[in-house]
Colleague: 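Below: one structure in structure tokens.
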Amino acid sequence: MAASNYITDNVQKAFAAWLQAQTFTSIASTSIYSGIQNATGEADEDEESTMVLPCVVCLCQSATIEMLQGYNWRCQVSVTVRSNADDTTADAHHSSAAEVFNTLTTDTIAADLSSSLADFTAFLVTPTGQSWDIRDRSWESIITFDVHCCGSDVS
Amino acid sequence: MAQSVIGRGGIYGFATLAFGITSISGYISPKFESLSLTNESDFTEEMAQDGTVVTAFGNNRGVQCRFSFKPQGTAAAPTVADAVKSAGIPIVMAGVTITGLKIIAFAGFTDVFNTDAGNTQPWIYTGTGSLDGTNDGLWTATMTLKRYLGITSVTPFS
């Protein structure tokens with residue numbers, strides 16, 4: 001990627017790239033997505049989503065400027081683990097979600113995200129909350145982060 | 001064409017900050033939340049008869065840092081017993097070593113925070129610590145330390 005202040009897309013791509021590089025028991029790397037799928041209408045418009053369950057969705061849609069004229073950003077990120085509720089037990093889903101959550105809640109996550117995407121530096125990653133629910137017949141577990149970062153490589 | 005500004009380095013957090021306090025048996029460094037470092041100095045102006053300042057005197061009185069923290073152990077020492085050990089506050093004049101902070105030149109120190117080969121001066125506990133407990137949440141604490149360029153060892157009297 002080229003250095004850019006369009007930081008929200010960088011952040012969600014960095015999270016997805018880092019998770020795709022890991023190995024999970026029941027979630028394929030091809031089922032780890034960034035952003036909103038099927039937004040272009042390429043799939044049947046009656047289909048709600050093109051994502052294959054179980055999946056992980058990394059989403060960053062908002063950021064606030066952290067350092068005026070310096071262009072570092074504080075980004076709000078959510079990582080959602082979804083499983084089909086029709087054929088996945090609660091224990092199986094929560095086990096999958098725990099694997100993903102634990103992969104993201106490490107003391108090296110800022111460096112890991114920085115190395116996962118070109119022209120991107122995460123300075124500090126702080127978890128801000130988590131929740132789970134059943135929505136549209138899917139188990140859904142969400143963890144959220146604030147990411148202090150910029151859209152270029154800064155060492 | 002103007003060049004876009006796309007991020008700059010900054011100083012974020014202090015995940016690796018650790019205290020060492022040998023005067024407390026089994027002490028475990030807590031989880032730090034914030035710090036505030038100040039330069040303690042005397043600065044005096046001397047005026048001529050017309051009120052014009054003609055001379056200034058400065059005296060470096062070292063640095064002071066107030067740390068706020070939560071008594072919690074480390075990843076390697078995460079038990080409640082470890083958290084209790086991390087709530088320890090020493091007696092006034094006890095020496096404290098600091099590791100894991102950025103190397104910053106400040107008020108005559110080449111590395112104002114850390115205790116290392118080039119900056120052997122101990123941090124000295126000023127006797128102004130606090131331990132604040134709540135009935136419905138995690139306890140918090142503060143500790144204020146001072147460090148002087150010319151004091152290279154401390155011996156607390158109990």
Side-chain angles (χ1 to χ4, degrees), chain A residues 1-14 60 63-77 101-129 145-155, chain B residues 1-20 27-37 65 67-80 82-83 85-86 98-106 111-114 134 136-141:
Chain A
M1 296 185 70
S4 172
N5 275 318
Y6 190 61
I7 196 69
T8 48
D9 188 46
N10 282 8
V11 172
Q12 62 188 16
K13 279 188 167 66
C60 177
T64 53
I65 192 78
E66 180 161 74
M67 187 165 62
L68 287 175
Q69 313 305 328
Y71 295 101
N72 289 6
W73 302 87
R74 181 173 183 157
C75 301
Q76 290 73 51
V77 185
F101 283 23
N102 292 341
T103 300
L104 295 170
T105 48
T106 69
D107 55 4
T108 60
I109 187 62
D112 294 335
L113 294 174
S114 299
S115 62
S116 296
L117 191 72
D119 297 313
F120 174 73
T121 303
F123 299 106
L124 183 68
V125 179
T126 54
T128 53
F145 298 89
D146 273 356
V147 181
H148 303 257
C149 59
C150 71
S152 60
D153 287 326
V154 176
S155 57
Chain B
M1 184 177 172
Q3 182 177 358
S4 296
V5 178
I6 305 173
R8 293 176 180 173
I11 304 173
Y12 291 84
F14 33 71
T16 57
L17 165 59
F19 275 8
Y27 179 76
I28 289 176
S29 190
K31 181 70 176 171
F32 291 92
E33 288 202 305
S34 66
L35 65 82
S36 177
L37 178 71
C65 195
F67 295 87
S68 297
F69 59 91
K70 288 184 170 155
Q72 287 185 295
T74 63
T79 69
V80 175
D82 296 324
K85 290 175 182 174
S86 76
I98 291 177
T99 54
L101 281 174
K102 299 288 187 188
I103 297 172
I104 297 172
F106 191 104
D111 180 355
V112 69
F113 287 116
N114 302 297
T134 67
D136 59 354
L138 202 55
W139 287 25
T140 59

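In the text below, chain A, chain B and the rest are named by the order of the sequence lines, each starting its count at 1.
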Colleague: Applying ring pair (Phe, Tyr, Trp, His ring centres under 6.0 Å), name anything that partners Phe101(A), two or more places apart in sequence or on another chain.
Modeller: none
Colleague: Would you find more than 12 non-hydrogen atoms of other residues, nucleotides or ligands less than 6.0 Å from Ile103(B) atom CD1?
Modeller: no
Colleague: What residues form a ring pair (Phe, Tyr, Trp, His ring centres under 6.0 Å) with Phe67(B), not counting sequence neighbours?
Modeller: Phe19(B), Phe32(B)
Colleague: Counting backbone as well as side chains, what donor-acceptor pairs lie under 3.5 Å between chain A and chain B?
Modeller:
{"from": "Asn5(A)", "atom 1": "ND2", "to": "Val5(B)", "atom 2": "O", "distance (Å)": "2.7"}
{"from": "Glu66(A)", "atom 1": "OE1", "to": "Tyr12(B)", "atom 2": "OH", "distance (Å)": "2.5"}
{"from": "Gly70(A)", "atom 1": "O", "to": "Gly7(B)", "atom 2": "N", "distance (Å)": "3.3"}
{"from": "Tyr71(A)", "atom 1": "O", "to": "Gly7(B)", "atom 2": "N", "distance (Å)": "3.2"}
{"from": "Asn72(A)", "atom 1": "OD1", "to": "Arg8(B)", "atom 2": "N", "distance (Å)": "2.8"}
{"from": "Asn72(A)", "atom 1": "ND2", "to": "Arg8(B)", "atom 2": "O", "distance (Å)": "2.7"}
{"from": "Asn72(A)", "atom 1": "ND2", "to": "Tyr12(B)", "atom 2": "OH", "distance (Å)": "3.0"}
{"from": "Ser152(A)", "atom 1": "OG", "to": "Ile6(B)", "atom 2": "O", "distance (Å)": "2.4"}

